[in-house]
Amino acid sequence: MANPEHGGGFDPMHQFQIHRIVELNLFGVDVSFTNSALMMVIAVALITLFTIGSMSGRAIVPGRMQSLAELSYEFVANMVRDTVGRGGQKYFPFIFSLFMFVLMANMLGMIPYSFTITSHIIITFALAIVIFIGVTTIGFIKHGAGFLKFFVPSGIPVILAPLLVVIEVISYLTRPMSLSVRLFANMMAGHTMLKVFASFVIGLGILGGWAPLALMVAFTGLEFLVAFLQAYVFAVLTCIYLNDALHMH
Amino acid sequence: MAENDTNNQTEPAESHEDTPLTGHAHRFNSRLDELGDGLHRIRARRVAGRTAVRRGTSIGLAFRLITELVAGLVVGGYIGYQLDTWLGTMPVFFLIFFVLGMAAGMLNVIRTARLMQADMARDDSAHEDRAGKGSRRD
């Protein structure tokens, strides 16, 4: 294994480092344009280019790119219809943007030498907290104070009610936490693992390096699956939370 | 009379089978069956693939449950810690909310597991439905 003390040390966490590209300071707050911000801009630009560009033809018989755009539209539309049901189509644009952004961020991270936006918990947590606050607000707008009944399980003894309400509230508050940690941990663990195995390939040299190399190929395939799956899970859980807020079970 | 009618109806069909042209029809039918089987197989494979993607890897499922549990602990502990620093009663609320967080985590785990179970049951029934429809069409 490469020794960090020597030159050209190996650090599997190096890929997650954020560095400033354009230094910016707004009223004492560091708002520098970083490599993370750059990747976000690229992701949004690619999604916009993909959806607008591929649909501009509006062919009745879709070509490859138009099929892809229609497929992603239908995939998310089905997800919203299945999990949210009635009244869910209103929130489709948000879910679609969310899904496409997370998917594109995860997939861009799979390109060698690029940066995985979603491997930073602050990014996923910001997404999750926006969803959490938004969904809770929707719940209170739709049901008024009646939304508080969501925290009272039906058919429980009065003595147990205070305890169970506290547990329900904590369980509700864990949502942004588990939502963000799941995405961030999956992406970071996967990419770190790839880096560690890559170092084994170099470390074992031309004789023994083939076994970890073969594993790397398999893991890369798995990482693509995880990248898609985590975007899907993120969007589906948002739909489930939305469903809870709209219909209260 | 009724018997005569049925005989009349069946006879032409049988004679049709005997004519040399029926070899053609027979081959056509068997080819149709073959295509139907192939279509059925492809459809079943596609449904299975879709369910596999939906379910993800087992480690993914396990990871989902673990995060729910840990998130409960962390959020409960954090609330207790903040209450303690605010009220100056250091370990009291931390311990209470740590336990409550554990309970909330368990609750989330059970809910998530139930959701997964419902998902799997739905996928399985959809799989059977589609497979059944395919064989009927054959």
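Within every chain, numbering begins at 1; the chains are lettered A, B, ... in the order of the sequence lines, protein sequences first and strands thereafter. Everything numeric here is computed off the predicted structure, so don't read it as measured data. As a basis for the values below, the full set of heavy atoms in this structure was taken, side chains included, without hydrogen atoms, waters or symmetry mates.
Contacts between B:Leu100 and chain A at a heavy-atom distance below 4.5 Å involve backbone atoms as well as side-chain atoms. Only the side chain of B:Leu115 comes within contact range of chain A, judged by heavy atoms closer than 4.5 Å. Only the side chain of A:Ile240 has a heavy atom closer than 4.5 Å to any heavy atom of chain B. Contact of B:Val74 with chain A is made through the side chain alone, with heavy-atom distances under 4.5 Å. At a 4.5 Å heavy-atom cutoff, A:Leu183 makes no contact with chain B through either its backbone or its side chain.
With chain B as the partner, the residue from A:Leu163, A:Ile170, A:Val233, A:Leu179 showing the most heavy-atom pairs under 4.5 Å is A:Ile170. Of the residues considered (A:Ile167, A:Val169, A:Val236, A:Leu173), A:Ile167 shows the highest number of contacts with chain B, using heavy-atom pairs under 4.5 Å. Ranked by heavy-atom pairs under 4.5 Å with chain A, the list B:Phe97, B:Tyr78, B:Phe63 is led by B:Phe63. The most heavy-atom pairs under 4.5 Å with chain B, out of A:Ser171, A:Pro176, A:Ala185, come from A:Ser171.
In this structure, the side chain of A:His191 does not engage the main chain of A:Phe115 through any donor-acceptor pair within 3.5 Å.
You'll find the side chain of A:Ser199 stays beyond 4.5 Å of the side chain of A:Lys195, heavy atoms only.
In this pair, A:Phe147 and A:Phe151 present their aromatic rings perpendicular. The plane angle is above 60°, beyond the 30 to 60° band. Ring geometry, A:Phe219 versus A:Phe197: the interplanar angle falls from 30° to 60°, so the pair is classed tilted. Between A:Phe75 and A:Tyr232, the angle of the ring planes lies from 30° to 60°, which puts this pair in the tilted group.
Using a 3.5 Å distance cut-off with no hydrogens or angles, the side chains of A:Ser178 and B:Asn108 do not pair a donor with an acceptor. Residues A:Tyr73 and A:Thr51 bring no donor and acceptor atom of their side chains to less than 3.5 Å of each other.
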